[in-house]
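Computed from a predicted model, the values in this text were never measured in an experiment.
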Amino acid sequence: MFGEYSVNDSQAGSASGSPAPESGAVLGNLPPETASFVGRKRELACMDALLGDHRLITLTGVGGVGKSRLALRAAAAPGRRHRDGIWWVELSPLRDPALLTTTVAHAVGLADHSSHPLDEELCAWMADKELLLVLDTCEHLVPEVRHLVGELLQSAPGLTVLTTSRERLGTPGEQVFDVRPLPAEGPDSDALALFRARALAATPDAAAAFADPARARVAAEVCRRLDGIPLALELAGARLRLWTLEQIAQRLGARFQVLADTRPTLAPRHRTMRTAIGWSHELCEPVERLLWARLSVFTGDFDVAAARTVCAGGPLPAGRVERVLEGLVAKSVVRRTEERGAGARYLLLDTIREFGHDWLEELGEVRTVADRHAHWYAALCRAADTGWLGPGQVDWYRRTTAEHAQLRTALEHLLGTDRAAALEMAGALWFFWFACGHVHEGRGFLERALSGVPPTGAAYTQALWALGLTMLLQGDMDDAQAVGAECTRAADRLADPERELRAAYLRAVSVLMPGDPAAALLLAGPRARAGHGGSTSGPGWLLCRLAGSYALCDLGRFEEAAEEAGALREACAELGERWLRAYADYVLAVAALGLGQHGEAARHVRAMLSGKRLLGDRFGIALGLDLLAVAVAALGDGELAARLLGTGHAWWRTVGRPQMGSPSLTALRDEGERRARAAIGDAAYESAFLGGAAASTG
């Protein structure tokens, strides 16, 4: 009813709400390995020992040396167990240091809705956890990572942190492991094994070349020339699709002679990596080089549609972008990542992206391409806003989640170059901030976008309303009420019924949650909605109907509440919408409880939980578990009720504000506990409660 938190489907748990993994699986979010892993037996043994004996380990080394791959393999080693999971946080796309804590909290499943500093909430949440936290690619955020990791390690004695960075953090107690290139000497070297594997992936014909002793020696020389750096070996291996080993060795040697002196201040391995990338760049077709440079504006992964729009122009028409992109994939410049429903996504490794960005600066296109990038994602947000309350809602949830890094980058750019566009984009993302768990981040972006702009127009009113929604979730009810009043005045100036209804919802919830359902009903009930007019299928009308139906429950008018919630559910079903429909099921369950229809209440709340799992909504799951506990306790199953309350307690901890501080929600939860204790006794209740809480965390 009041907001949601997004989690991966694998984290959303069973129908009862438990996020425990499948039997034998490790709780967490480790990404899959994208290619075969070669060598590193000694390093993995060392890492295993370090992770067993120390709490902070940093893998350092030159870009492209394989720090992330080694960290992933070490974290995923068979037998590694951490009660509360192994959590991977990719920091490469992050450009704003202020979002570091938000990024870490979101990755581990903490959706804090309070207005307290998020680093304090994260420390408190981790205090009793036993988990491994992997922070990948920290070199551009070293001071911020150093501070956050220090705070977390001090607060959480069961926490182990593994970081990858081109430089050490400099934190007391940090164990630094220097990741060196693969051994490149001898016919059985790891470097040669990797080169062979990547060559065979490029073309099966390479097998014959490596079988010949003389040519195998040429391959070994290529590996030695590339210093055994994995990324350099992959780039060279991809060339065997077109060239022989002898051609690669000859041209590589010539290019190293020319390019190795271009950055004489670099350390030898950095110079080797830079030269290898430069060599690969020179061997690309001109349009491939151009696309490489333009792709450098993307942070994180992206899809073909975005690449086509952002990178086309001049000698690279939109119709050729996909073919040229596949050419860069074949050359190992671009990596194809996991499929996400709508098709493949693509990624540039940091080292390669940095090289491309240098060339984009040389071309004088940084601002032009960044503008295209920002406006493409701004248009995506407008489309998502339009489609959110419809049959594509789940797809929009998944798509905006997949594009999170790009949305951040676009907003940051627009805040510095086009404040009007930034304001519109931040407001269009209201559902992402409010319904997908990015409350802290959304409030920050909205406050920045609203700062210093004229308080007029539809975009201003929309962004102000979105800011009010984030205030609701953080418990700032007085501020939300004030913003709601300002939204009402702005909507009146626009003579826009939909804006008036949205403002009414904001004001209604800001008085409903502290315990004044009568005032909420006056603001959002049937008579108030009729007075505003507007579309009965718009967000404002539907949200007001939700707030009004819950206010009726709080007033004990359960039959009227059921009628309102039932009509809301039908409207949502007709739209093909799931988010509000699940909250309508919640109100129907509360009304059924009030009418003594306990079996009916359990049926409705299970339907609600099903919808919340679909959208990965931790807040909704916690809310639903409390209600289901009341229903099953009323049906006589005190043990299940206690387990559900224990599981719900664990989920509420990830939200940060149990029962939202609402008197009515707290009373409902307490009723479930009283009924369960009365049914099975205090000792059995405590045992079942603890069992439910433990099951939910691993």
Side-chain angles (χ1 to χ4, degrees), residues 2-6 89-91 93-108 110-123 125 140-141 143-145 147-148 151 299-300 374 377-378 381 384-385 400-401 403-453 455 459-480 482-483 486-487 506 619 655-657:
F2 311 109
E4 302 196 22
Y5 181 71
S6 64
V89 187
E90 176 55 65
L91 298 180
L94 189 62
R95 292 294 170 262
D96 182 0
L99 294 175
L100 172 63
T101 305
T102 299
T103 303
V104 174
H106 184 69
V108 301
L110 173 64
D112 181 63
H113 288 170
S114 74
S115 56
H116 300 135
L118 187 55
D119 55 350
E120 294 180 10
E121 296 297 324
L122 183 60
C123 286
W125 182 80
H140 58 306
L141 299 167
E144 294 78 17
V145 172
H147 174 76
L148 179 61
E151 293 291 314
T299 48
Y377 285 103
C381 292
D385 181 18
T400 50
T401 299
E403 302 291 6
H404 191 175
Q406 308 299 344
L407 300 181
R408 281 176 169 173
T409 300
L411 262 174
E412 288 286 352
H413 179 75
L414 292 174
L415 283 167
T417 61
D418 189 340
R419 294 302 292 265
L423 187 70
E424 184 181 17
M425 181 177 178
L429 281 169
W430 67 271
F431 69 89
F432 190 64
W433 314 132
F434 182 58
C436 301
H438 305 287
V439 181
H440 278 271
E441 180 178 343
R443 184 166 181 173
F445 273 124
L446 287 161
E447 287 176 339
R448 290 170 63 189
L450 286 161
S451 176
V453 300
Y460 172 83
T461 306
Q462 172 72 6
L464 187 66
W465 178 69
L467 176 62
L469 294 177
T470 66
M471 291 173 172
L472 286 180
L473 287 183
Q474 292 188 320
D476 292 341
M477 298 303 168
D478 290 341
D479 289 344
V483 167
E486 188 177 347
C487 284
L506 196 57
F619 173 82
V655 175
R657 297 184 61 240

Q) When rounded to the nearest 0.5 angstrom, what distance separates OG1 in Thr101 from NE2 in His147? A) 7.5 Å
(Q) Are the side chains of His140 and Arg95 in contact, using a 4.5 Å heavy-atom criterion? (A) yes
(Q) Set out, in order, the CA-CA distance, both residues' side-chain angles and the distance that settles side-chain contact (heavy atoms from CB on, under 4.5 Å) for Arg443 and Asp476, then state yes or no. (A) CA-CA 12 Å; Arg443 184 166 181 173; Asp476 292 341; 2.7 Å; yes
Q.
Show the nearest heavy-atom pair for residues Thr401 and Phe432, with the distance to one decimal.
A. N-CE1, 4.1 Å
Q | For the student: nearest non-hydrogen atoms of Thr400 and Leu407, plus distance | A | O-CD1, 3.9 Å
**Q.** SG-CE distance between Cys381 and Met425, expressed to the nearest 0.5 angstrom
**A.** 3.5 Å
Q: Locate the shortest heavy-atom distance separating Val483 from Leu464; write the atom from each residue and the value.
A: CG1-O, 3.3 Å
Q: Output every pair passing salt bridge (charged side-chain N to carboxylate O under 4.0 Å, His left out) with a member in residues 421-441, not counting sequence neighbours, ordered by first then second residue.
A: Arg382-Glu424, Arg408-Glu441
Q) Which pair of heavy atoms, one from Leu122 and one from Leu148, lies closest together, and at what distance? A) CD2-CD1, 4.4 Å
Q) Between Val108 and Trp125, does a side-chain contact (heavy atoms from CB on, under 4.5 Å) hold up when you go through it step by step? A) CA-CA 10 Å; Val108 301; Trp125 182 80; 3.6 Å; yes
Q. Rounded to the nearest 0.5 Å, how far apart are CH2 of Trp430 and CG of Asp385?
A. 7.0 Å
**Q.** Interatomic spacing from CG in Leu446 to OG in Ser451 - rounded to 0.5 Å
**A.** 12.5 Å
(Q) Nearest 0.5 angstrom please: Leu411 CG to Gln406 CD, how far? (A) 12.0 Å
Q | Main-chain N/O of Leu99 paired to His440 side chain as donor or acceptor, under 3.5 Å | A | no
(Q) Please give me the minimum heavy-atom distance between Leu472 and Ala480, naming the atom from each residue. (A) CD2-CB, 3.6 Å
(Q) If the condition is salt bridge (Lys or Arg N to Asp or Glu O under 4.0 Å), which residues does Asp479 pass it with, not counting sequence neighbours? (A) none
Q. Is the backbone N or O of Gly427 less than 3.5 Å from a side-chain atom of Gln462, with the two atoms forming a donor-acceptor pair by type?
A. yes
Q) Are the side chain of Trp433 and the backbone of Ala426 linked by a donor-acceptor contact shorter than 3.5 Å? A) yes
Q | Closest non-hydrogen atom pair between Leu414 and Ala378, with its separation | A | CD1-CB, 4.3 Å
Q) Any idea how His106 and His438 line up, ring-wise: parallel (<30°), tilted (30 to 60°), or perpendicular (>60°)? A) tilted
Q | Qualifying residues under salt bridge (Lys or Arg N to Asp or Glu O under 4.0 Å), relative to Asp96, sequence neighbours excluded | A | Arg448
